[in-house]
Amino acid sequence: MTVLTSTTALAQAPSILDVGDGVVLPILLKVALVLGLFFVVPLVGGYLEHKVMGRMQNRRGPVEAGPFGSLQLVADGIKFIQKEDIIPRAADKPMFALAPGLALVPALLVFLVIPLGPGVFAVDLELGLFYALAITSISVLGILLGGWASANKFSLIGGLRAGAQLIAYELPLIITAITVAVMAGTLSLVGIVEAQANFTLPGLEGFNLWFVFPQIVGFAIFFVAAMAELSRPPFDMPIGDSELVFGYMTEYTGIKFAMFLLTEYAGMITMSALMVVLFLGGWQILPGVATPGCEGAAGIMSCDPIGIAISVLVTLAKIMGLVFLMVWARVAYPRLREDQLQRISWLVLVPLSLANLAFVTILTVVL
Amino acid sequence: MAQTSLPGTGLLKGLAVTVKHLFKRPATLMYPYERNELAPRTRGVIALMDENCTVCMLCARECPDWCIYIDSHKETVPPAKEGGRARTRNVLDRFAIDFSLCMYCGICVEVCPFDALWWSPEFEYSEYTMDALLHEKDKLREWADTVPPPPALDEGAEAPAEVTEAIAKAEKELEAAAQKEADKAAAAEAATTEAKAGGSGPKKADEPKVAAGEIDQETYDALIAEGKSERIARSKAKAAYVKKEKARLKAEADAGGGDAEAAPTPKAADIKVEAGQIDQETYDALIAEGKTERMARAKAKAAWVKKEKARLAAEAESAAGAGAPAGEEAEPPSPTDAAGSDQAPSTDAPAEEPAATRKLGDVHVEGTGEIDQETYDALIAEGKSERIARAKAKAAWVKKAKQAKLDEEGGA
Ligand code: SF4
Ligand code: SF4
């Protein structure tokens with residue numbers, strides 16, 4: 001199949017950051033890319049959330065810090081750093097201090113494999129998708145740890161709810177990701193983007209499609225599961241401020257609290273980026289449209305600098321579009337009850353995603 | 001609806017609502033840059049007009065938070081006049097409101113009987129320390145300069161009680177003045193009539209008093225001829241003159257009274273004399289007697305009032321004779337009322353009920369809320385509210401029905 005040939009050819013593509021013969025410079029560049037992504041894009045996403053949520057609620061959102069309030073989250077970060085770092089006396093101090101880091105670092109590490117454009121990534125692992133899903137599920141350990149170490153019943157309940165929720169929604173998330181991997185025939189994220197640029201439905205050759213079209217159900221499952229993974233409203237039972245104060249974050253102050261918040265925003269970005277890669281054609285502008293300045297396979301590889309810039313902007317725009325969707329859902333829907341939350345996962349999403357996987361697998365084998 | 005039965009419609013509706021608001025103008029008012037026009041009664045800060053405060057302590061006692069602090073001392077005020085009593089007065093030393101405790105209930109403003117406390121819409125007095133929120137007298141006095149005038153009344157609103165009272169008072173005064181004018185005019189007219197009739201010099205109509213010193217020439221001549229001494233003849237002639245003159249004047253006054261009837265006359269009950277005038281004659285007499293000025297004035301005042309009342313009463317009496325038609329006017333309303341309520345059933349149902357029930361009380365009518373359309377229409381036309389018209393029309397219907405039943409029974 002064409003899909004298979006194209007992916008094998010492009011797996012483990014070189015990063016454009018692999019410049020020169022040295023070892024140090026590429027590493028520095030890659031660290032800079034990942035840290036830049038980690039610290040800048042979530043802030044943009046956060047700003048988008050503040051503004052969109054404000055406007056949807058007939059407010060203005062932040063207006064004072066920076067032009068149009070765009071530096072609000074930076075100002076918040078500075079404020080968090082200045083705050084007193086309080087550790088409850090009964091808390092398990094080392095674990096209490098470790099938990100935010102344990103939640104944050106996986107969120108940072110996911111950015112390693114996320115491709116923003118042709119060659120714009122730190123590494124293209126052969127098992128990129130597997131790596132991304134595996135490492136995002138480590139975050140829940142930090143949350144559980146924080147809830148337990150706080151020595152606070154609200155924190156503990158929040159942490160346990162988070163654990164239960166993440167286990168429940170990890171399943172449909174992974175199954176749907178596997179479905180996409182089956183369609184693409186690769187676990188490499190770059191490979192999946194490339195596979196989408198070449199994907200056509202049998203009988204409709206010459207009509208390029210992203211995976212979101214045949215996999216609209218899978219996309220919906222992944223989107224819902226991703227929001228639940230991130231404990232974003234309406235799936236924010238672990239935080240549930242009306243009943244649990246602030247869930248596992250109740251006892252956290254200052255910079256540690258900021259780390260949990262950053263984890264959430266970074267999670268929004270990584271999950272959106274994964275959805276862009278898995279379903280929305282990565283950096284491709286539109287299905288079947290070649291990016292200007294590119295000449296490689298399917299018109300999205302081997303680009304000149306302008307093509308790369310366009311590709312990166314396209315990816316970021318898609319990510320922000322998905323962040324907007326998440327914020328929209330947050331504003332529109334009230335928080336789910338714990339039992340409804342579990343019910344949706346185990347009785348709807350898991351069976352649905354399993355059926356989806358079976359269907360796609362059988363079709364792939366048969367065709 | 002068919003739409004709601006479709007699963008997920010509600011979810012989409014939620015999304016539609018929120019996205020619609022995304023494109024609406026935010027309701028935010030950019031506060032420090034733009035400001036709302038605050039209502040004139042806004043509870044921003046409490047202002048004190050300390051010159052009005054009598055240290056009655058009502059506000060401090062009524063404050064639910066006990067956050068008004070008042071200190072005062074008593075001062076003796078020397079008597080206004082010699083021999084008077086010295087009075088004591090409270091002087092305000094300290095008046096402070098602790099706005100860190102105040103809950104802006106407004107009870108203090110409400111309860112102050114001397115208009116010393118006011119609401120001001122100023123609200124920007126936040127402080128970095130709590131004790132800075134304790135506003136002392138001077139600061140509270142400054143706030144008084146920010147108190148806005150009361151808002152204009154709504155169109156068609158009832159005037160406030162003070163204003164209506166003031167207007168009523170002014171009207172009364174005007175009426176009294178007009179009354180006085182009318183009285184004067186009547187008196188003047190009477191005087192003119194008299195002057196015409198008598199041809200003599202101007203004489204006060206209300207004082208049938210005769211200038212002494214003149215003699216009746218006829219009597220004098222007769223007495224002289226009788227051989228009486230000149231002195232006796234003169235004195236007797238004088239007495240005769242007075243007697244004659246008085247008789248003449250009386251006759252004239254009677255005639256004048258007939259004319260005066262035409263002039264508007266006050267009702268007997270209204271006889272009210274404005275105080276403050278004095279009867280000059282009495283005054284002079286008393287002063288001549290060696291009484292003090294004050295005493296003379298007081299008595300002269302009393303005398304004037306007495307005289308004036310007597311005069312007015314006399315006038316009223318004479319008017320009453322001629323004023324029969326006016327008196328009749330007062331009577332008809334009651335028969336008219338009665339007749340009116342008989343014809344048009346119950347413009348005022350409760351008032352006539354007792355009279356009607358004596359006859360109609362035994363009759364029982366079954367009604368299911370019928371109304372007398374005629375009455376209803378009439379009341380609506382009168383501008384009564386729909387509710388009242390309905391209620392009255394119902395009562396009218398019941399009454400009519402009862403009457404009909406009664407008539408029927410009578411006929412049977
Ligand atoms: S408004 Fe404030 S000061 Fe006045 S009575 Fe209420 S609580 Fe006391
Ligand atoms: S109620 Fe008014 S007059 Fe009395 S003490 Fe308070 S402010 Fe002064």
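First the proteins, then the strands, lettered A, B, ... as listed; each starts at 1.
Considering all non-hydrogen atoms of both residues, A:V331 and B:T18 come closest at CG1-CG2, 3.5 Å.
To the nearest 0.5 Å, atom CZ of residue A:R55 and atom CG of residue B:L22 are 7.0 Å apart.
Contact count against chain B (heavy-atom pairs under 4.5 Å) is highest for A:R59 among A:M53, A:Q57, A:R59. When the candidates B:V19, B:T28, B:L15, B:V17 are compared by the number of heavy-atom contacts under 4.5 Å with chain A, B:L15 comes out ahead.
Other residues, nucleotides and ligands contribute only 12 or fewer heavy atoms inside 6.0 Å of the NZ atom of A:K83. Within 6.0 Å of atom OH in B:Y104, more than 12 heavy atoms from other residues, nucleotides or ligands are found, so the atom counts as buried in its surroundings. No more than 12 heavy atoms of other residues, nucleotides or ligands sit less than 6.0 Å from atom NZ of B:K169. Taking a 6.0 Å sphere around CD of B:E37, one finds it holds 12 or fewer heavy atoms contributed by other residues, nucleotides or ligands.
Every side chain to side chain contact (heavy atoms under 4.5 Å, CB included) that B:Y31 has, sequence neighbours left out, goes to B:R35, B:F123, B:E124.
B:L12 touches chain A through its backbone: at least one of N, CA, C or O sits under 4.5 Å from a heavy atom, while the side chain does not.
You'll find the side chain of B:R25 reaches within 4.5 Å of the side chain of A:R60, heavy atoms only.
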